[in-house]
Amino acid sequence: MKNIAIFASGSGSNAENIANYFAHSEYAQVSLIVANNPQAFVLERAKRLNVEAITITKNEFMACDALIEELAKRDIDFIVLAGFLLLVPQKLIDAYPGRIVNIHPALLPKHGGKGMYGDRVHESVVAAGDTESGITIHLIDGDYDKGTTFFQATCPVLPTDTPHDVAEKVHALEYKHFPRVIEEIMHSLD
Ligand code: GAR
């Protein structure tokens, strides 16, 4: 059985969806949720899901030796960033080469980079007058929202859509595709 760790900073609806997807899998399970904010709602979800959760400070994350030990203790094979807002340190990337995946709620390379997360991304899409948005699932290579793209899916953006409307469409794409694409990427590493 492969072990997945999910890193999240906020609500954690993707973390919950991914944990549920793998709950009956014989291939992989979500064994750990890592949050960098002790108030993050993802911690409530972890309790409900009966998934172990730990919180770390930004400094602990950046230093990352203790975190790598925690991951090793639990035989973590694969890391999923699901609404995680800190830049991943090189040491962690080196410990999990090709094994850290992120989801971005837009069609990269548009609307990405430092400070572009959650609602800000959808506001940027609407402000730009884009006619479509979507999701990008990509490997982490040390820079915000860069790295090999594995998968994109699109949704239309209507002239009347608010950032909230776009967020709903994008979340629906995330819930539909992210768990399956994670599984596909993990299989490609077997
Ligand atoms: C998701 O839409 C995810 O794509 C986005 O944050 C949201 C988290 O929602 N990630 C980024 O913006 C990263 N740049 P959730 O906490 O409910 O899963």
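Counting begins at 1 with the first residue of the sequence. Indexing begins at 1, ligand by ligand and atom by atom, following the structure's order. The figures that follow rest on heavy atoms only: side chains count, while hydrogens, waters and symmetry mates do not.
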### Query
Would you say the side-chain atoms of Ser13 and Arg45 include a donor-acceptor pair closer than 3.5 Å?
no
### Task
Give a yes-or-no answer on whether the side chains of Asn36 and Ser9 include a donor-acceptor pair shorter than 3.5 Å.
yes
### Message
If we only consider heavy atoms of Ala8, is any one of them less than 4.0 Å away from an atom in ligand 1?
### Response
no
### Query
Given side chains that start at C-beta, do those of Ile103 and Glu174 come closer than 4.5 Å, heavy atoms only?
yes
### Summary
Here the salt bridge (charged side-chain N to carboxylate O under 4.0 Å, His left out) pairs for residues 76-92, sequence neighbours left out, are Asp65-Lys91
Do any N/O atoms on [X] end up under 3.5 angstrom from N/O atoms on ligand 1?
{"X": "Met116", "value": "yes"}
{"X": "Ala82", "value": "no"}
{"X": "Ala15", "value": "no"}
{"X": "Glu174", "value": "yes"}
{"X": "Asn14", "value": "yes"}
{"X": "Ser13", "value": "yes"}

### Query
Testing Val170, Thr149, Val121 for side chain to side chain contact (heavy atoms under 4.5 Å, CB included) with His104, which one passes?
Val121
### Task
Let me see the working for His122 and Asp161 under side-chain hydrogen bond (donor to acceptor under 3.5 Å, both in side chains), right down to the final yes or no.
CA-CA 10 Å; His122 309 304; Asp161 277 349; over 6 Å; no
### Message
One thing to verify: whether Arg120 and Glu123 come together as a salt bridge, which I'm taking to mean a side-chain N less than 4.0 angstrom from a carboxylate O.
### Response
no
### Sequence-distant partners of Tyr117, ring pair (Phe, Tyr, Trp, His ring centres under 6.0 Å), two or more places apart
none
For [X], atoms of ligand 1 separated by under 4.0 Å from a heavy atom:
{"X": "Gly83", "result": "6 (O), 8 (C), 10 (N)"}
{"X": "Ser11", "result": "16 (O), 17 (O)"}
{"X": "His104", "result": "14 (N)"}

### Message
As a check for students: among Val42, Asp119, Ile103, identify the option with a heavy atom nearest to atom 13 (C) of ligand 1.
### Response
Ile103
